[in-house]
Amino acid sequence: MIPEFAGNGKDDITVEQVMMHTSGFPRQPWRTMATSAERRAQFADWKLNWEPGTRYEYHATTAHWVLAELIETVSGMDFRDFVATRIATPLGLPQLRPGVPRAEQDNIATLVNVVEPPSPDEIEAVFGVGSLPPNEVTPAALAAVNSTARPKLGLPAPGAVMTAPTLA
């Protein structure tokens, strides 16, 4: 469906594997993904970190960029508009907005890390292992969402904004 995604071992990855984070490409570099052409060009370069379907690792950005492109390919709509009109508004969440123009960002709160990461003992107590696998959800990555370009872009995983009452 997205020819540029195929190749480098990604030809047979299923939508289910992408949604279940078992598709094998969690740590792919990406620059800007503002347009379909930019996304597709980068997808062509992505390589697998492991055989699809054999392992789980949360890919907060990479998997969701693929899903955003699938939404655009299937619906013919920008994924931000699709989420707003086909998901958020029907659910009664019109304030949930993926992609906010810079002129409308004055009331967006800055993300702040408020706790220390868990210790190995705390991880062991909860998950039964001494450490969690590396992933894209790090304090630095979350802080990067504060960039004015990120809310405008509408990152498909951490990029939506909403009012506190909408979140509640």
Side-chain angles (χ1 to χ4, degrees), residues 1-91 93-102 104-105 108 111 127 129 131-162 167:
M1 182 165 291
I2 303 172
E4 297 85 350
F5 182 78
N8 295 327
K10 302 184 309 288
D11 312 62
D12 295 326
I13 292 174
T14 67
V15 173
E16 179 180 16
Q17 288 170 329
V18 174
M19 293 182 77
M20 298 300 293
H21 304 282
T22 61
S23 51
F25 59 91
R27 292 181 293 279
Q28 299 305 311
W30 60 275
R31 296 166 298 283
T32 180
M33 296 279 207
T35 68
S36 178
E38 290 169 337
R39 289 189 288 273
R40 288 172 179 252
Q42 289 178 71
F43 293 165
D45 294 335
W46 287 1
K47 295 176 177 51
L48 293 173
N49 296 106
W50 67 77
E51 183 70 25
T54 63
R55 197 174 136 195
Y56 165 85
E57 185 176 315
Y58 184 58
H59 335 8
T61 51
T62 54
H64 290 92
W65 278 123
V66 173
L67 294 173
E69 187 61 27
L70 282 170
I71 288 169
E72 290 194 7
T73 300
V74 172
S75 72
M77 295 174 68
D78 181 280
F79 78 90
R80 292 160 282 249
D81 294 335
F82 184 91
V83 169
T85 62
R86 301 285 302 273
I87 299 171
T89 300
L91 288 174
L93 303 171
Q95 295 298 319
L96 188 151
R97 298 178 59 201
V100 177
R102 283 194 173 133
E104 298 174 32
Q105 292 182 18
I108 296 176
L111 291 176
F127 297 106
V129 295
S131 66
L132 298 175
N135 65 59
E136 299 174 333
V137 183
T138 64
L142 292 172
V145 174
N146 289 325
S147 158
T148 58
R150 300 287 174 108
K152 180 178 186 278
L153 180 58
L155 298 175
V161 297
M162 67 192 82
L167 178 61

In Å and rounded to the nearest 0.5 Å, what is the CD to OG1 distance from Q42 to T62? 11.5 Å
Side-chain heavy atoms of I71 within contact of M77, under 4.5 Å: no
Value for CG (L91) from CZ (R86), rounded to nearest 0.5 Å, stands at 12.0 Å
E4 side chain to F43 main-chain N or O, any donor-acceptor pair under 3.5 Å? no
From H64 atom NE2 to Y58 atom OH, the distance as rounded to the nearest 0.5 Å: 5.0 Å
Go through it in stages, so that I can follow the logic: the residues are V74 and M1, the test is side-chain contact (heavy atoms from CB on, under 4.5 Å), and I'd like the CA-CA distance, side-chain angles, deciding distance and then a yes or no. CA-CA 9 Å; V74 172; M1 182 165 291; 3.5 Å; yes
Return the minimal non-hydrogen interatomic distance between A88 and L96, and the atom names on each side. CB-O, 3.8 Å
Restricting to non-hydrogen atoms, name the atom on P90 and the atom on A84 that form the minimum distance, rounded to 0.1 Å. CD-O, 4.4 Å
Would you say T85 and R80 are linked by a side-chain donor-acceptor pair, where the criterion is simply a distance under 3.5 Å? no
Decide if atom CE of M20 counts as having more than 12 heavy atoms of other residues, nucleotides or ligands within a radius under 6.0 Å. no
Inter-residue atom distance N49.CG - Q28.CD, 0.5 Å rounding: 5.5 Å
Take T22 and T54, measure what side-chain contact (heavy atoms from CB on, under 4.5 Å) needs, and give me the verdict at the end. CA-CA 7 Å; T22 61; T54 63; over 6 Å; no
Once the angle between the rings of Y56 and H21 is folded into 0 to 90°, is it parallel (under 30°), tilted (30 to 60°) or perpendicular (over 60°)? perpendicular
For the rings on F25 and F5, is their centre-to-centre separation under 6.0 Å? yes
Residue that, paired with S23, satisfies side chain to side chain donor-acceptor pair (under 3.5 Å) out of E16, H59, K10: H59
Once you round to the nearest 0.5 Å, how far does CG of D78 lie from OG1 of T35? 10.5 Å
Please check if the side chain of E69 supplies one atom and the backbone of V66 the other of a donor-acceptor pair under 3.5 Å. no
Could you go through the salt bridge (charged side-chain N to carboxylate O under 4.0 Å, His left out) check for E57 and R55 one step at a time? CA-CA 7 Å; E57 185 176 315; R55 197 174 136 195; 3.1 Å; yes
Does the Lys NZ or Arg CZ of R39 fall within the cation-pi geometry relative to W65 - under 6.0 Å from the ring centre and within 45° of the axis? no
Taking all non-hydrogen atoms of both residues into account, name the closest pair between E38 and M33 and its distance. OE1-C, 3.8 Å
Main chain of W46, side chain of N8: is a donor-acceptor contact present, judged purely on distance under 3.5 Å? yes
Atom CG of residue position D11 - does it have more than 12 heavy atoms of other residues, nucleotides or ligands inside 6.0 Å? yes
Taking all atoms of both residues into account, what is the closest heavy-atom pair of P52 and G9, and its distance? CG-O, 4.3 Å
